[in-house]
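A short write-up of the structure that comes next.
Residue numbers count from 1 along this sequence. Indexing begins at 1, ligand by ligand and atom by atom, following the structure's order. Here the structure is a predicted model, which means the values were calculated and not measured.
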Amino acid sequence: MCGIIGYIGKDNKAIEKTISCLEKLEYRGYDSAGIAYVFNNEIKIQKSKGRIKNLKDKLQIDTKSNCAIAHTRWATHGQANEINAHPHKVGNVTIVHNGIIENYLELKNMLIDNGYKFISDTDTEVACATLDFFYNKCNKNIIKSIDEFKKIIKGSYALGIIYDDDINNLYAIKKDSPLIIGISDESYFIASDVPALLEYTNKYIILEDNEIAKLTSDKYEIYNMEKIVDKEIKTFDFKYSTQDKGNFEHFMLKEINEQPKIVYDLLKENIDNNLEDIPSLINYDRIDIIGCGSAYHTSLVAKYIFEQQVNAEINCYVASEYRYENNFFGKNSLVIFISQSGETADTLACLRKVKKQGIDTLAIVNAQGSSIAREADKVIYIKAGQEIAVATTKAYTAQITILSLLALKLSYEKNIINNFDEIKKDIDKITEIIDGVIKNIDYETIALNIYERNDIFFIGRLVDYALALEGSLKLKEISYINSCTYPAGELKHGTISLIDDKTPVISIITDESVMDKTISNIKEIIARGAKSIIVSCIDLDDDIYDYSIKIPKINPFLQPIITIIPLQLLAYNIAYKRGCDIDKPRNLAKSVTVE
Ligand code: F6R
């Protein structure tokens, strides 16, 4: 993870511009932040533990500088403190780094034998010293020395580099971590993603693994094997919402409230053209879906929709496992990759692994132009707009919406449904329905009654189990309450021993085919004193709950989109009552670009 930014230009605004762009990358990690800038022909470094605002407090933002590199950190090697914060400087070389250097211990020993000393616990300081080592070894030929560095280093990296001896140039390289070059008037940027630069430019170049970028204020050169290569300049024309909370106290709440429109627009646009833009899955004999965290949870929701409504089998895999597993394919296999950021390291590694086998790939992605979107054979954008809260909400529902449309199209192609007339009626009402579930339910009172508990359980069957997993993840992420999720019938096979007097158990019941079974399980936990909270679209007897959240019943292809909303808002309200940092929970980052 980590976010990196670099700037070189003639306007002497390097500090102001890098810090402003760095703030847009804070979603990548906020353990510490730092900047290195050229001032009076010298490289100055300033670092701070915690948020970027702490760094800003230490800086004179209008200090004149024409070149800077900056970093916001999500700690991998070494604690989140000022010493381990980037930039790191060794000898002639100063760097910011995103990624993990896997052979850093081996390199560190080699460097110590060559007289280098280290002050931090980071792999980045080792990378920096390695660059300095080759810089000296290659008689200060920078391009050659970076090529030598690339040959010896193992792992993933995106690096912004400046040299004491060459302060009029900014260098950048990458391997398996994203890095783009931003092109503006008489100035150039490096950045972990394009949206970070949109205040200044939407023109960019994608740097590839084998390339080295050399940026000066009036020109850029991209080297491959010591030769300058031509690169396509791309334009980012995707509309990004402003990073502004509007009238909401948190981005998470704002993003929850954006869901009625996002879901409706996706459904309406596609249903109005009879799902022509939705790829057909009819010719595939095997469909696998890969993702991490919430993206994996959306694949489980899809599994139940495809299997229950379309009689089509789906296999779901967690990307960090799938990349090392023995994978199986059919004669005509499709692998679908789900990712909000489009940069998740494990998901990207799986995509590359599957592509090598010649299997068809489809990506369902939010971030336009991201690595997963670029590298998959086909991409469907979920059009949720930039998601800023670390805990995903609107991207999750938009992913489910697209997966439901894929299932709906297959259902039509398999003649299970003959037209879209029925679902169209529900689509026309969906904005109002989601809006009502957001606004008309008293989540605060339920939160008030359970927010001090240390454990909260979630249960459900079939699709409700998949949704329960996501509700529980939301709660854990932002409230730090321990939470377990079980298929309702599984609880008594051990875990029921954890239920004691007043343990909150949140049950989800939307699938009538298994409703009675879940109700029996709820009775079992009530008998052990649990506090029962039910989210359901069915009228239930009031002896099985302390609190009931009644949601509207809708077409089964769309029901999960409605069911997840109360779970998001319960998590939000509980975290709020506990005084947690809802948009930036501890230890998390929005984009997980390390494995
Ligand atoms: C949870 C959450 C994470 C992500 C996961 C995958 O709220 O946001 O679990 O879903 O890290 O990220 P993407 O979708 O960017 O691949």
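Below 3.5 Å of separation, one finds an N or O of T392 facing an N or O of ligand 1. Annotation: K590 places no N or O atom under 3.5 Å from an N or O atom of ligand 1; distance criterion only.
The shortest contact between atom 15 (O) of ligand 1 and any protein heavy atom is with S341 OG, 2.7 Å. The protein atom (non-hydrogen) at minimum distance from atom 3 (C) of ligand 1 is S294 N, 4.0 Å. The protein heavy-atom contact nearest to atom 11 (O) of ligand 1 is V592 CG2, 4.0 Å. The nearest heavy-atom contact from the protein to atom 14 (O) of ligand 1 is Q340 N, 2.6 Å. Scanning the protein heavy atoms around atom 16 (O) of ligand 1, the nearest turns out to be T344 OG1, 2.4 Å. Atom 5 (C) of ligand 1 has its closest protein heavy atom at C292 O, 3.4 Å. Considering only non-hydrogen protein atoms, atom 1 (C) of ligand 1 sits nearest to E477 OE2, 2.9 Å.
In this structure, the side chains of S299 and I290 stay at 4.5 Å or more apart for every pair of heavy atoms.
Against a heavy-atom cut-off of under 4.0 Å, G293 is close to the following atoms of ligand 1: 9 (O). Atoms of ligand 1 found under 4.0 Å from any heavy atom of S339 (numbered from 1 in listed order, with element): 13 (P), 14 (O), 15 (O), 16 (O). Counting atoms of ligand 1 from 1 in the listed order, those under 4.0 Å from a heavy atom of A391 are 7 (O). Residue A295 has at least one heavy-atom neighbour below 4.0 Å for each of these atoms of ligand 1: 10 (O), 14 (O).
Taking the charged nitrogens against the carboxylate oxygens, E249 and K245 have no contact shorter than 4.0 Å, which rules out a salt bridge. A salt bridge does not link K577 with E452: none of the charged nitrogens is closer than 4.0 Å to a carboxylate oxygen. Ionic pairing of K394 and E387 is not present here: no N-O contact between side-chain nitrogen and carboxylate oxygen is shorter than 4.0 angstrom.
Remark: the backbone N or O of V335 is not paired with any side-chain donor or acceptor of T361 at under 3.5 angstrom. Although no hydrogens or angles enter the test, the distance criterion places no donor-acceptor pair under 3.5 Å between the side chain of K356 and the main chain of R352.
Only backbone heavy atoms of V390 (N, CA, C or O) come within less than 4.0 Å of ligand 1; its side chain stays farther off.
Qualifying salt bridge (charged side-chain N to carboxylate O under 4.0 Å, His left out) partners for R374, counting only residues two or more places apart in sequence or in other chains: none. Under the rule for a salt bridge (charged side-chain N to carboxylate O under 4.0 Å, His left out), the partners of K584 that lie at least two apart in sequence or sit in another chain are E26.
Using a non-hydrogen distance threshold of 4.0 Å, K474 registers as a contact of ligand 1. The closest approach between any non-hydrogen atom of L588 and ligand 1 is not below 4.0 Å.
Of the options Q259, E258, E255, a side chain to side chain donor-acceptor pair (under 3.5 Å) to T397 is made by Q259 and by none of the others.
Residue Y465 places its OH atom among more than 12 non-hydrogen atoms of other residues, nucleotides or ligands, all under 6.0 Å distant.
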